[in-house]
Every structure is written in C-alpha cells, then in structure tokens.
Amino acid sequence: MSLELTLCTKNAHPPLSKGYVAAFKMGCRQTLHDRVDFVSTTMIYLVLLYIFSTIFRHMPLHELNVAGLRPENMIWYLAMTECIMLGSPGGYTFGAHIIAQGRLSEFLTRPNSLSIFILCWLWGRTITLSLLLFLLSLVIVPLLYQAPLPIELWKISFVVMTIVLSCVILQLIGFIASMVEIFGPFSTQVGWMMSKMTFVLGGLYFPVIFFPLHIQHFAFLTPFPSVLNAVGVHMLPVTDVTILCGFLMQILWLAILLTALYIANKWMIRYVMKTGV
Amino acid sequence: MIISINNLTKTFTTKKPLSKKFLLPRYEKGTFTAVNDISFSIQAGDRVAFIGPNGAGKSTTLKMLSGILTPTSGHATVAGFIPWIDRKKLAYHIGLVFGQRSQLWYHSPVIQSYDLLSKVYGLDQKAYRQRLNLLCETFKIGGMINQKVSTLSLGQRMKCEIVASLLHNPKILFLDEPTIGLDVTTKAELRDHLLDLAVSNGVTLILTSHDTADIEKICNRVVLINHGEKLIDQSLEEMRRQYLRKKMIVLTTEEENPRYVLPVSWPQEGIHIRSEHYKLFLDVDPKIIALSDVISNALSQTNVLDVSVGDVPLEEIIKHIYHLGKNGAAS
C-alpha cells in the first residue's frame with residue numbers, strides 16, 4: 001500500500017508550547033483516569049486527617065504562644081499541606097527512573113526541551129491531584145472533623161493559586177535533584193533525604209512559626225516552606241501581609257529554581273551527549 | 001546525499017578502580033574508542049543494514065547520527081543538519097525506534113501517545129488524522145490504538161512504536177533491533193510493512209539487527225562494523241556475489257554425526273565439512289568441485305534421507321567476514 005505523503009507540520013518551526021500544553025493535559029488526564037491511585041490517596045488523606053484532628057483537639061495550643069490559634073486552624077493547616085504532599089508523589093522518582101532506564105536519549109530526539117516537557121507532564125499530574133484533594137477537603141473537613149473553613153470563601157482562589165505554585169516548586173526541586181541519578185543509583189537515598197527535608201523544614205504537621213527561631217531562619221533559606229507552609233498559612237489567623245509574604249517567597253523561589261533548572265538542564269544535556277548515559 | 005559521515009570517531013573515558021577505600025577511592029583513567037574513523041554516505045531512499053557484533057559501535061554511531069551523542073572528532077550531516085549541533089531542528093526529519101525501549105506512555109491508550117506526539121511536532125491536526133489512518137491501515141493497528149500500551153503484546157507494541165516514529169513524516173528512520181523478541185510471523189509481517197513503507201515513500205532506513213533475515217528482507221545495502229571500524233560497505237547483491245559463490249548442501253542421514261570422507265584427488269579448499277546430530281553440512285565452491293560429484297559421493301558413503309542445496313545463509317557470511325576481520329584480512 002502506498003502512503004500519500006503530506007508535510008504535516010504547519011510550518012518549519014511550529015510553536016513548541018503546544019507540546020508542553022499537551023504534556024500537561026496528558027498528566028491531568030492520567031490522574032483523572034487513575035482511579036485506584038485517587039481512591040488510595042484519598043483514604044490515606046482521610047486517615048491522616050482523622051488522626052491529627054484528634055491530636056490537635058487534645059493539644060494545649062493556647063500555651064504555644066501563637067495568638068488566636070484554634071484546633072480548626074491546625075486541622076485545616078494539615079489538610080492543606082497534605083494536599084500538596086499526597087498530591088505530588090514521584091516528582092523525584094519519575095525523573096530518576098527516566099535517567100536510570102536510559103530514556104533521556106528518547107526525549108533528546110524530540111524538538112522540545114527535555115526538562116520542560118517532563119515537568120509539564122508532572123505538573124499536570126500533581127496539580128490535578130492536589131486540587132482534587134483540596135476540593136474534597138472543602139466538603140470533608142467541615143463534615144467529618146467539625147472544622148469549619150476558617151477563611152472567607154472569596155479567598156479560595158488565592159489558596160488555589162498558592163497550591164498550584166507549591167506543586168510547581170515541589171516538582172522543580174524533585175526534578176533538579178533527580179539529575180544526580182546520572183552519576184549512579186542514588187535515587188533512593190537522595191529521594192528519601194528530599195522528602196524528609198520537605199516534611200521537616202517545610203512544616204508538614206506544624207507551621208514554621210512553631211519552630212525555634214534559629215531553625216525558622218534556616219528553614220526560610222530553603223525552598224521548602226514555600227512548598228508547604230505557604231499553603232497552610234492561609235488557614236491560620238495571620239495577617240494578609242504574612243500571606244502575601246509567603247506568596248512572594250513562592251515567586252522568588254520559582255524564579256531561582258527555574259534558573260537552576262535552566263543551568264542544570266544545559267549541563268545534563270551536555271553530559272549525556274558527551275558520555276552517552 | 002541524505003547522510004554523510006567523514007572520519008567520525010567517538011572515544012569514551014573509562015575509570016578503573018584502583019582501591020576500594022570508602023571515602024577516597026582511587027581510579028585509573030583510560031579511554032575506549034567505540035567508533036574509529038568511520039566514513040560513508042547514504043543516498044535518500046537507501047535501506048541500509050548497519051551490522052556488527054555486540055559492542056561493535058553500531059548504537060554509538062546511530063546515536064551520533066540522531067544527535068544524542070557528540071563525536072570526539074569527525075564530521076557528519078544528516079538531512080542537511082549537523083546532528084549534535086542542530087539536534088532540535090533535525091528532530092523534525094528523523095524517526096527513531098529502539099526495539100528494547102518504548103516511546104509510548106505505558107499506562108495510557110496508544111492514541112493518547114500519538115495525539116501527544118502530534119502536538120510535540122506541531123502537526124496540522126487534519127493532516128495528522130489522515131496520516132494516522134493511513135499508517136493504521138498499513139501496519140494493521142487500527143483495532144489496538146484505543147487499548148492501553150500495557151495490554152499490548154510485544155509485536156503489537158512494536159508496530160505501534162514504528163507508527164509513532166512515522167507520524168511526523170520523517171525522511172530518515174533509524175531502527176535499532178526492531179524485531180528483537182518477536183515471533184516468526186510478527187517479524188515477517190513487520191519486515192513487509194517496513195519494506196513497503198520504504199519503497200513506496202522513499203523513507204531512508206538505517207537498521208541495526210542481529211537477525212540476518214531482517215537484513216535480507218528489508219535492506220539493499222550492508223555496512224558491517226567491528227571494533228568501531230568499518231569492515232564492509234557494499235550492496236546486499238554485491239555481498240552475496242562476493243561471498244555466495246559457495247553453495248551449502250545439507251544431507252539428513254540415518255546415522256548420528258555422519259562422516260564424510262573426501263576423495264584424495266579432490267582439492268581441500270573446494271569444500272568445508274561439518275556434521276551436527278543427523279545432518280551433514282557441506283559448503284562447496286562449485287567452481288572447484290561439481291555439486292553433483294559431492295552429492296553422488298555422499299550417497300555412496302551414507303544412507304541419506306534428504307538432500308537440500310541452497311545459498312550459504314547470510315549469518316555464515318557475516319561470521320566469515322568477522323573472522324577475516326579478526327585476522328586483519330578483511331580490507
């Protein structure tokens with residue numbers, strides 16, 4: 001059979017953004033199709049919220065010198081940070097697997113940027129899952145854990161924006177860190193370290209303001225509070241300035257990480273093209 | 001000239017551990033030349049078999065030609081581009097199929113990977129649909145593109161992989177062991193499709209394979225490399241003429257490990273004898289010894305159940321050339 005050949009590309013240099021948008025959509029679609037993953041993640045989310053809501057109700061929060069903090073705030077804080085942590089699995093692992101399986105070369109034969117393409121897919125996947133968990137929390141937390149939403153409804157759009165930025169930053173950190181896999185099978189160790197640093201320095205269970213002052217200073221020198229604390233802080237009795245500061249920190253870290261990605265991507269491609277890894 | 005390669009060399013740095021100290025391990029640095037001063041050119045529409053034993057430098061050369069590896073020295077142009085410099089521009093003109101790797105998204109339906117690739121290459125969606133339909137018809141995959149990649153058999157997946165590489169209508173298709181692990185029927189089917197595609201569309205095929213049937217059925221030219229050096233670059237026909245002077249007579253006998261006694265008057269260089277189980281293999285040069293003499297002599301020596309006469313398989317020829325190459329006599 002003869003194939004009628006037509007030049008399919010619209011022009012010699014079609015816009016690359018279409019490929020990135022398609023990768024993002026593919027990530028979103030996969031999250032929506034992966035029902036088993038969504039159900040299991042939701043189960044873990046509900047169990048964690050149940051355990052910690054019980055703990056928070058028995059904690060003498062008023063003695064912790066955090067003005068106006070109530071158990072509801074803490075439950076919502078955890079509901080927000082867990083949206084990010086449970087919604088963003090495998091950013092590090094995915095990048096490391098691509099390198100370990102020698103699939104970098106496959107991505108290098110495409111016309112678009114290897115890192116941005118992979119990240120768009122990861123962003124699509126994680127942002128969708130995080131936002132789904134957030135939507136679920138809006139219904140579940142007041143109903144099951146008797147914790148009414150501590151913010152006005154119109155502020156939800158800002159929370160959504162912060163969640164999106166958090167997912168973007170977390171995947172960027174994971175992907176850049178995953179590049180160490182090029183030097184050997186270090187994914188398990190580095191992945192473990194990254195997740196623990198996110199837990200501890202990001203403020204997964206407790207806001208960073210609970211930490212001793214010198215640890216707080218150290219934490220804010222890292223991008224991790226911009227991943228978790230910046231999202232959870234929306235649910236605490238803090239001023240709008242504090243929330244704005246968290247948002248600006250997110251923007252700052254996004255800029256820093258995108259610059260780091262640009263440099264790391266160039267270095268990785270040069271290394272792969274030289275060594276054939 | 002769609003591909004031109006001049007004195008292409010690729011040397012890798014190697015590290016040999018000298019001590020096993022945990023904190024301060026010491027290494028001795030060395031070099032390994034995977035491809036050594038290779039030059040050849042390929043015309044548009046050629047179907048080239050790039051063959052050699054494991055570690056010969058086939059994949060390294062393919063990687064350099066597809067722009068994912070920078071050579072240590074030498075020059076190459078592929079579709080008018082220097083691959084390792086114009087990698088992204090070249091991507092629109094080449095397709096790659098790795099038999100042992102997949103470019104499809106494993107847990108998604110095949111069509112989703114195709115749609116994604118169509119966006120990656122910026123294809124006009126109407127033209128893309130038409131081309132996809134034609135490719136589905138050619139490769140007979142219409143019924144499986146809505147299935148998840150994870151549910152496909154290896155043969156079905158490989159057909160889908162090839163279609164994925166052809167969606168953007170590349171001028172050159174690099175195939176790295178496309179039939180590895182496939183059953184005989186699927187292999188034959190895939191070879192027919194590839195040949196059909198190359199002949200009817202003028203797609204240049206560069207194929208590496210350890211299966212000589214792939215080479216015989218698809219290619220019209222053979223480049224043989226070993227230890228990073230080119231041993232042979234000639235048409236398949238020329239190769240056959242040069243190395244297929246000999247005929248192979250296979251005799252199936254009643255006795256195990258049959259013996260064949262060569263008459264003293266016959267020249268030794270005209271025949272090579274080998275027996276295996278109940279079979280006797282005689283590689284005969286008909287210009288030196290008549291085939292009829294060899295057969296009648298065999299019939300007088302042993303109880304023959306079956307006789308077949310044919311060309312020496314390409315595999316044997318390649319083995320022979322490797323052997324010559326090892327002894328430095330190939331050139």
Side-chain angles (χ1 to χ4, degrees), chain A residues 1-34 36-37 97-98 101-114 116-118 120-121 124-125 183-184 269-277, chain B residues 10 12-13 34 59-60 63-64 66-70 72 84 87-92 94-96 98 100-103 105 107-109 112-113 115-128 130-131 134-135 137-138 148 165-169 174 193 196-197 199-203:
Chain A
M1 170 171 296
S2 167
L3 281 177
E4 189 64 38
L5 286 187
T6 50
L7 188 66
C8 292
T9 47
K10 274 180 178 170
N11 50 54
H13 301 289
L16 295 175
S17 55
K18 278 190 173 180
Y20 301 136
V21 172
F24 182 85
K25 281 184 184 170
M26 179 110 167
C28 299
R29 214 176 293 136
Q30 283 191 341
T31 297
L32 296 173
H33 285 182
D34 201 348
V36 177
D37 186 48
H97 277 183
I98 285 180
Q101 291 166 359
R103 288 187 64 195
L104 277 182
S105 50
E106 173 207 320
F107 286 94
L108 280 177
T109 56
R110 302 271 163 74
N112 42 20
S113 161
L114 170 144
I116 302 289
F117 184 80
I118 297 170
C120 280
W121 179 82
R125 214 172 146 73
F183 299 111
I269 291 173
R270 202 176 300 141
Y271 186 85
V272 170
M273 285 181 69
K274 190 182 168 195
T275 60
V277 170
Chain B
K10 179 67 191 176
F12 291 107
T13 309
S59 296
T60 305
K63 281 182 178 178
M64 286 192 279
S66 52
I68 50 184
L69 200 58
T70 313
T72 312
W84 48 93
R87 180 173 53 85
K88 289 185 180 178
K89 288 178 193 162
L90 178 67
Y92 291 102
I94 62 167
L96 267 111
F98 291 103
Q100 287 164 312
R101 286 180 203 154
S102 177
Q103 58 182 315
W105 293 75
H107 294 293
S108 300
Q112 282 187 16
S113 295
D115 288 346
L116 180 62
L117 286 170
S118 79
K119 296 277 170 44
V120 165
Y121 287 102
L123 307 183
D124 173 70
Q125 288 304 296
K126 199 179 160 194
Y128 154 64
Q130 281 174 355
R131 184 160 174 80
L134 282 165
L135 286 168
E137 215 175 299
T138 308
K148 280 188 180 181
S165 301
L166 291 167
L167 285 174
H168 60 290
N169 189 16
F174 293 101
H193 294 329
D196 181 24
L197 176 97
V199 171
S200 58
N201 292 291
V203 176

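For clarity, every value in this text was computed on a predicted model and none was experimentally measured. Here is how names work: the chains are called A, B, and so on, in the same order as the sequence lines, proteins then strands, and each is numbered from 1.
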Decide yes or no for B:Gln103 and B:Ser165: does some side-chain heavy atom of the first lie under 4.5 Å from some side-chain heavy atom of the second?
yes
Who among [options] has the most heavy-atom pairs with chain A under 4.5 Å?
options                    : result
B:His193, B:Lys10, B:Met64 : B:Lys10
B:Ala34, B:Ser108, B:Ser59 : B:Ser108
B:Trp84, B:Phe12, B:Phe98  : B:Phe12

Report which part of B:Leu96 has an atom under 4.5 Å of a heavy atom belonging to chain A: side chain, backbone, both, or neither.
side chain
Between B:Leu117 and chain A, which part of the residue has a heavy atom less than 4.5 Å away: side chain, backbone, both or neither?
side chain
Around atom CZ of B:Arg101, are there more than 12 heavy atoms of other residues, nucleotides or ligands at under 6.0 Å?
yes
Keeping A:Thr31 on the side-chain end and A:Arg125 on the backbone end, is there a donor-acceptor pair under 3.5 Å?
yes
Residue [X] versus chain B: region with a heavy atom under 4.5 Å:
X        : answer
A:Ile269 : side chain
A:Thr275 : backbone
A:Arg29  : side chain

Assign the ring pair B:His168 / B:Tyr121 to parallel, tilted or perpendicular, where the plane angle (0 to 90°) is split at 30° and 60°.
parallel
Suppose we screen for ring pair (Phe, Tyr, Trp, His ring centres under 6.0 Å). Which residues come up paired with A:Tyr271, at least two apart in sequence or across chains?
A:Phe183, A:Trp267
Pairing residues for B:Arg87 by the salt bridge (Lys or Arg N to Asp or Glu O under 4.0 Å) criterion, not counting sequence neighbours:
none
